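A short write-up of the structure that comes next.
The figures that follow rest on heavy atoms only: side chains count, while hydrogens, waters and symmetry mates do not. Counting starts at 1 for both ligands and their atoms, in listed order. Here the structure is a predicted model, which is why all the values come from computation and not from measurement.
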Amino acid sequence: NTFVISFYRIIFSVGKAQDFPAGFKFGVATAAYQVEGAWNISGRASSIWDEFVHSRPQATADHSTGDVACDSFHLWRRDIDMVAELGVDFYRFSISWTRLYPNGFTNYLNEDGKRYYEDLIDTLLNRGIEPLVTLYHWDLPQKFQDLGGWTNPLVVEWFAEYARAVFTLFADRVHTWITINEPIALCDMVYHVGSHAPGILSPGVGNYICMKNVMLAHAKAWRIFDEEFRSKHYGRIAICNMHLAYEPASDEETEAAELARQLFVGVYTHPIYSAAGGWPPKIEKIISDRSLKDGYNYSRLPAFTTAEKDLIRGTYDFYAMNYYTGRLVRKAKIADKYGIWPLEASTDLEVIVYPDPKWKMSDSYWLYVYPEGIRHQLNWIGKNYGNQAIIITENGYSDSKMDLNDKERVQYHRGHLKQVLLSIYEDDVNVTGYTAWSLMDNFEWNSGYTQRFGLYAVDFTSPLRTRTPRASALYYGAVVRQRLLDPVYDNPYQTSRASNIVIHTSVNLFITLINLMYC
Ligand code: GBH
């Protein structure tokens, strides 16, 4: 069967150029707290997510925790086998700060933690897979949270020290780095929505203080890498942003849509990627005006000094974008009720953000399928910040099923990859890589284990945490190997195997034809 298919593929591919350009790289991603488990063994200390889910079981849909998760602390060899099965170029994972440095401070290195990441990195490299490492995917040491976490300006130094220590350990082998995954998730979703750890509600205040500290922390880490490591070891490093596609609800709403984009994305990109630096000017003015009107003596959005602006501006080597979904945007009317950010609105912008009823919903209440949005976002980045390399560091689809024949997920990835190709070929945007979220089902934050993003299904009822490839894994692996949007692949989970029959019949006809010719 496999032979017949590869035979067919060879014949089919003759004369057909590859869809994905040479040098375009594919990857898969996970994050430490979502997969590792082993939360309190081998010297690891608590992070804010440990503390959060232990003290507030209702914070997750199924009252679950990441205590065991996919048990990747023990099963990482199987994870690497899966990454290799897919044939991807790189594996994006994150480092658990408290596994490496249980005190948060770098005065004490946990040798077991060091060995874990060293084994992971070295084994990946031995198998020809590039490690792409995220320093921070939301798991702050609880000890630092006790001191104010991301709202204490000292967090900038804590993070910078941690970054330097990790570079010292691994920059000789890791050449692509993400400083912080989705600042929106650790500022707005904590202080504005209250859903993410540590779940402190301080809307319009805490989130803005956090934003400034995150920008500075990222910038310091980037500069440390630039000044102390880049000349010794080749490498590139950037922050990673979540983009929603904010589309104007009508022609009159283009300004509202751009404002939403500036508040939800621009605040994390303008300080780094724009020529002027600093907060997006319109957003800075709106928040300042509102603060003064409400009787504050200064803006709730803390200003940058000129020195801070200069420190942050230009701290990138590429652009890292996560994309999942989109929203329509319109100006708010007096009677509108503000929903909760990030999916509905902000109290500082008089705009309403809502999904287009035409978009298909996934099993996650926030994820509507809107593939064109990824192209629009890539264009927006290109238009605003120049023709730099863009890596899509996450893109994926959730369902609540164990189903191995995940047709919707295959369609999702195919639909988005198609838009990526259009960006490259039609719009000349320099997209250099694509990362599927996720390698496997894992602890999906507030949704616990009720939402599954995996190319591989994980059986969380089994102590072995058995991983099984879904159809999407087979599709993606075929895309990667054949470099085609519509590769030939065998889907063993298909109930009607009509397409296989078509393939077999045509191959057989072809062979018969050749035989006849030679007879
Ligand atoms: C990414 O964030 C994350 O980087 C990744 O860790 C995550 O697993 C993946 O997406 C899928 O969600 O409970 O109101 O906060 C994308 C942003 C973060 C949006 C979690 C949905 C849950 C809604 N997602 N969030 S809420």
TODO: Check whether any side-chain N or O of Asn110 sits under 3.5 Å from a backbone N or O of Pro102 as a donor-acceptor pair, and report yes or no.
DONE: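 Judged by distance alone, no pair lies under 3.5 Å.
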- [ ] Using the ring-ring contact (aromatic ring centres under 6.0 Å, His included) rule, pick out the option among Trp138, Trp158, Tyr136, Tyr191 that qualifies with Trp150.
- [x]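 One option only clears the test, and that one is Tyr136.
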Show which atoms of ligand 1 fall inside a sub-4.0 Å distance from at least one heavy-atom site of [X].
| X | value |
| --- | --- |
| Met242 | 16 (C), 17 (C) |
| Asn446 | 13 (O), 15 (O), 26 (S) |
| Met189 | 15 (O) |
| Phe453 | 11 (C) |

Heavy atoms only: which of [options] is nearest to [atom]?
| atom | options | answer |
| --- | --- | --- |
| atom 16 (C) of ligand 1 | Glu182, Gln34, His137 | Glu182 |
| atom 24 (N) of ligand 1 | Tyr324, Tyr365, Trp366 | Trp366 |
| atom 20 (C) of ligand 1 | His196, Glu394, Gln451, His243 | His196 |

Open item on the list: Ring-plane angle category for Trp39 and His54, please: parallel below 30°, perpendicular beyond 60°, tilted otherwise.
Closed with: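 Perpendicular, since the angle between the ring planes exceeds 60°.
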Between [X] and ligand 1, which residue portion shows a heavy-atom distance shorter than 4.0 Å: side chain, backbone, both, or neither?
| X | result |
| --- | --- |
| Ala31 | neither |
| Asn181 | side chain |
| Tyr323 | neither |

Charged N to carboxylate O under 4.0 angstrom, [X] versus [Y]?
| X | Y | result |
| --- | --- | --- |
| Lys143 | Glu51 | no |
| Glu372 | Arg375 | no |
| Arg452 | Asp441 | yes |
| Arg127 | Asp81 | yes |

